[in-house]
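A short write-up of the structure that comes next.
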Amino acid sequence: MKRKKRVLLAGNPNVGKSTVFNEITGSHQHTGNWSGKTVDFAKGEYYYKFNDYELVDLPGTYSLLSSSEEERLARDYLCFEPYDCVVCVVDATALERNLNLVFQILELTDKAILLLNLADEAKKKNISIDTERLSRELNIPVVKATARSGKGINELLEQIHLISNNIVINETRPVRYNDAIEKACDVLVASLKCILDSEASPRFFALRLLENNESFNDSFRMNYGENVLEECPVMCGLKQAKTILNDAKISENDFIQLIASKILRETEKVSARVQHRLPSKKARAEEALDKILLGKYTSVILMLVILAVVFWITITASNYPSSLLQDLFSDFQLWLSDVLLSAGASPTLVSLLVGGILRVLLWVIAVMLPPMAIFFPLFALLEDFGVLPRIAFNLDGAFECCGACGKQALTTCMGYGCNAVGVTGCRIIDSPRERTVAIITNSLTPCNGRFPLLIAVISMFVPGSSFVKTLALLGLIIVSLAVTFAVSKIMTATVLKGEKSSFILELPPYRKPKILRLLGDTVREKILFVLARAAVVAAPAGLIIWLLANIKTGDASLLVRISQLLDPVGRLIGLDGVMLLAFILGFPANEIVIPIALMAYLSTGEMTDYSSLESLRAILTDNGWTSTTALCTCIFSMFHFPCSTTLLTIVKETKSLKWTALSVAVPLVTGVVICALINAIM
């Protein structure tokens with residue numbers, strides 16, 4: 001039986017590989033998981049000129065030299081799996097950036113085709129590419145295509161047929177490095193030829209082994225033997241090659257930098273020779289917008305303005321639906337209480353079930369859902385439009401100075417919506433050390449669950465107009481960002497020391513967001529995810545809070561007694577025992593801190609809402625609140641232990657009690673220290 005020809009699709013993220021895959025395979029496709037991994041891949045089949053083909057869509061990657069899971073899987077498939085052809089899918093509007101991966105693949109195989117996808121987008125931007133010259137420069141076939149309309153796919157299939165059946169044989173010209181690297185590479189290539197498969201490129205393997213990349217070494221051992229690097233001839237070849245590099249005073253880091261910089265220079269040269277770009281109206285508009293969003297003096301100001309507008313819209317627009325939900329839930333609780341009492345249930349049981357468990361659960365939903373339903377779509381709009389990656393770019397330098405990864409800027413921004421989502425978003429950070437830093441410090445970012453308390457306290461205790469109060473809130477957000485930088489710096493200099501990793505942050509073109517897809521993804525992946533985890537803890541927490549408020553010792557409830565015991569500690573950090581206990585019992589969700597405090601101040605058996613800010617301010621001042629108390633409450637609200645939803649997410653993401661405990665201790669200690677200092681000064 002004639003075997004299927006295997007064709008691989010490789011390329012950067014967002015270049016249209018999936019569109020090419022779907023166009024070729026149609027309905028003859030399926031998805032699965034890489035062996036032992038959680039990254040999805042797609043396989044499909046098609047028939048062309050009496051041959052059966054299997055098409056494999058590799059994970060999108062910017063480089064074969066990095067170490068993220070997607071990049072390792074793409075690299076290992078190209079290195080260790082049999083195939084007949086590789087289609088390098090390239091975004092025609094970003095040729096220079098995409099060629100970096102193409103040059104790396106050409107060091108690995110000569111069975112390659114370059115597909116210039118998104119040719120229609122390039123035309124709109126007045127970008128023209130000389131495909132014939134590009135083909136001569138790389139010595140491989142180049143096909144121009146617009147995959148979503150099917151244009152160029154037939155020509156691609158023909159080129160795949162010619163390469164896969166050895167009708168046309170490429171003779172690629174790999175990038176040449178300096179004399180010492182080439183000499184070391186030649187020595188190791190000679191040692192590798194006797195153990196590598198006939199299809200494998202010894203040059204690519206030699207370069208990766210000389211980098212001493214742990215991930216590649218592990219994959220190499222897995223495929224060629226556990227002790228292959230310690231046995232002759234590989235060990236001897238490695239030793240001789242490293243001696244050559246040492247004599248030339250090229251360290252491992254120097255070696256990696258020399259390789260990367262040389263490939264970069266080649267991509268620049270080739271792009272300059274084959275690409276001609278005329279400025280279009282759209283390109284000029286994007287350039288003008290980038291000058292503002294990425295400008296030295298305008299970027300930070302505009303970033304703060306954008307965040308302030310998003311927060312203002314979220315807070316203002318969520319008030320009405322939140323009040324509506326609270327009214328609906330209040331009426332539902334009254335109706336359910338009447339039904340249960342009519343059915344013969346005792347008033348105590350009704351109070352426990354409805355006024356305790358159900359009230360906390362519904363309160364969390366009423367207060368969390370509207371802000372999330374507004375903030376996360378706005379956040380996703382900024383991401384889809386292209387603003388969010390530019391905000392991350394602006395913050396990259398600051399995080400790099402702290403020894404952290406620039407991608408932490410993205411996860412910090414996610415934390416403003418919900419810290420649990422921010423923690424989950426840390427998966428985008430490749431380095432385990434830097435990912436841990438981002439996870440631990442994400443709770444230092446005030447999420448939308450803390451905004452109701454911050455806004456209420458600012459509104460009551462900050463004099464002046466609404467503009468002044470908005471500036472006060474923005475000031476607190478800036479403080480949280482500064483503390484995040486400081487804590488990240490301390491952690492990367494102590495418990496999480498290590499080498500800083502580099503990363504590629506793609507600045508995508510500005511584009512019109514796809515609203516329906518965006519809303520669907522936001523509801524499914526963020527809003528429902530957070531609400532489900534909050535509900536798991538809110539119900540049992542409601543039971544505990546009710547018991548503390550209704551079980552009495554003498555003439556006072558346990559809630560009051562415990563708050564009295566905590567009062568000395570609370571006073572030390574500028575709070576009181578009631579607020580300290582409210583923060584502790586608010587562990588299920590930050591939204592219920594103020595209602596719990598009211599239970600203790602008013603000695604009620606159930607959570608109650610305040611009728612107005614004026615009435616709430618009167619209650620607080622009657623119980624000894626001052627401007628210092630208000631400031632310390634805001635600071636402690638921003639910097640204390642993570643909520644239950646975030647903590648569960650940290651446990652799941654880190655799978656470590658050590659890092660989970662540190663995720664609790666770091667924000668808590670930070671908040672206690674800052675509040676104690678404020679209290680001592682004021």
Side-chain angles (χ1 to χ4, degrees), residues 1-11 15-17 19-26 28-29 42-58 64 74-75 77-90 92 95 98-99 101-117 119 129-147 149-175 189 193 196-205 270 274:
M1 182 178 176
K2 196 174 182 180
R3 77 169 183 86
K4 293 178 184 176
K5 304 288 185 182
R6 180 177 290 172
V7 181
L8 310 183
L9 289 180
V15 296
K17 282 195 302 96
T19 307
V20 175
F21 176 83
N22 293 333
E23 185 67 27
I24 293 176
T25 61
H28 304 288
Q29 55 185 264
K43 283 186 178 181
E45 298 175 355
Y46 72 94
Y47 182 81
Y48 186 80
K49 288 192 174 180
F50 308 106
N51 284 285
D52 290 313
Y53 290 86
E54 178 185 58
L55 191 63
V56 180
D57 187 9
L58 298 179
L64 301 181
R75 179 201 65 202
Y77 205 104
L78 284 161
C79 287
F80 305 114
E81 296 292 334
Y83 52 86
D84 299 281
C85 181
V86 181
V87 178
C88 303
V89 185
V90 166
L95 180 64
N98 284 232
L99 280 180
L101 177 64
V102 175
F103 274 113
Q104 294 172 36
I105 291 175
L106 293 182
E107 282 187 329
L108 184 57
T109 180
D110 55 9
K111 295 184 174 182
I113 300 167
L114 191 146
L115 181 68
L116 278 174
N117 194 28
I129 298 174
D130 187 340
T131 54
E132 292 184 3
R133 181 163 185 177
L134 180 58
S135 179
R136 291 196 301 272
E137 292 280 349
L138 302 177
N139 214 30
I140 61 173
V142 175
V143 177
K144 188 180 290 186
T146 302
S149 65
K151 187 176 180 180
I153 297 300
N154 287 335
E155 184 182 350
L156 173 64
L157 294 177
E158 179 62 21
Q159 292 297 336
I160 291 173
H161 171 73
L162 296 175
I163 297 292
S164 300
N165 291 280
N166 296 318
I167 299 172
V168 171
I169 299 175
N170 299 326
E171 293 183 5
T172 56
R173 295 183 290 272
V175 175
V189 162
K193 281 183 177 178
L196 293 182
D197 301 331
S198 57
E199 296 293 327
S201 166
R203 178 180 174 81
F204 182 87
F205 282 72
V270 171
V274 304

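Residue numbers count from 1 along this sequence.
Within the 3.5 Å criterion, the main-chain N or O of Val89 finds no donor-acceptor partner in the side chain of Lys17.
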**Report entry** Stepwise side-chain contact (heavy atoms from CB on, under 4.5 Å) check, Asn139 with Leu106
**Finding:** CA-CA 10 Å; Asn139 214 30; Leu106 293 182; over 6 Å; no
**Report entry** Val56 and Phe21: CA distance, side-chain angles, deciding distance, side-chain contact (heavy atoms from CB on, under 4.5 Å) verdict
**Finding:** CA-CA 8 Å; Val56 180; Phe21 176 83; over 6 Å; no
Query raised in the report: Between Val87 and Val20, is a side-chain contact (heavy atoms from CB on, under 4.5 Å) present by the stated rule, with each step listed?
Result: CA-CA 10 Å; Val87 178; Val20 175; 5.7 Å; no
Report task. Given side-chain contact (heavy atoms from CB on, under 4.5 Å), test Leu116 with Leu134 step by step and report yes or no. Result -> CA-CA 11 Å; Leu116 278 174; Leu134 180 58; 4.2 Å; yes
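Distance CG/Leu196 to CZ/Phe80: 9.0 Å, rounded to 0.5 Å. To the nearest 0.5 angstrom, Phe103 atom CZ is 15.0 Å from Leu108 atom CG. Within the model, atoms CD1 of Ile160 and CG of Leu9 stand 7.0 Å from one another, a figure rounded to the nearest 0.5 Å. Distance CD1/Ile140 to CG/Leu114: 5.0 Å, rounded to 0.5 Å. Separating the CG atom in Leu156 from the CD1 atom in Ile24 is a distance of 5.0 Å, to the nearest 0.5 Å. The line from NZ of Lys43 to CG of Leu55 is 11.0 Å long, rounded to the nearest 0.5 Å.
Under the rule for a side-chain contact (heavy atoms from CB on, under 4.5 Å), the partners of Arg133 that lie at least two apart in sequence or sit in another chain are Asp130, Arg136, Glu137, Arg273, Val274. Looking at residues two or more places apart in sequence or on another chain, you find a side chain to side chain donor-acceptor pair (under 3.5 Å) between Arg6 and Glu54, Tyr77. Every residue two or more places apart in sequence or in another chain that forms a side-chain contact (heavy atoms from CB on, under 4.5 Å) with Ser149 is listed here: Thr146, Lys151. With sequence neighbours excluded, no residue forms a side chain to side chain donor-acceptor pair (under 3.5 Å) with Asp110.
Across every non-hydrogen atom of Phe205 and Cys79, the tightest pair is CZ-O, 3.6 Å. The shortest heavy-atom contact between Ala145 and Gly152 is CB-CA, 4.0 Å. Asn117 and Val15 get closest at one heavy-atom pair: ND2-O, 2.9 Å. Of all non-hydrogen atoms in Pro202 and Lys193, the two that sit nearest each other are CG-CG, 4.3 Å. Nearest approach of Leu58 to Ala10, heavy atoms of both residues: CD1-CB, 4.1 Å. The two residues Ile113 and Cys85 make their nearest non-hydrogen contact at CD1-SG, 3.6 Å.
The side chain to side chain contact (heavy atoms under 4.5 Å, CB included) test with Gln104 singles out one residue from Leu64, Val175, Leu78, Leu99, and that residue is Leu64. Partner Lys111 forms a side chain to side chain contact (heavy atoms under 4.5 Å, CB included) with one of Asn170, Val168, Ile163 and no other, that one being Ile163.
Screening residues 154-164 for side-chain hydrogen bond (donor to acceptor under 3.5 Å, both in side chains) gives Tyr48-Glu158, Lys49-Glu158, Tyr53-His161, His161-Asn165 as the qualifying pairs, with residues at least two apart or on separate chains.
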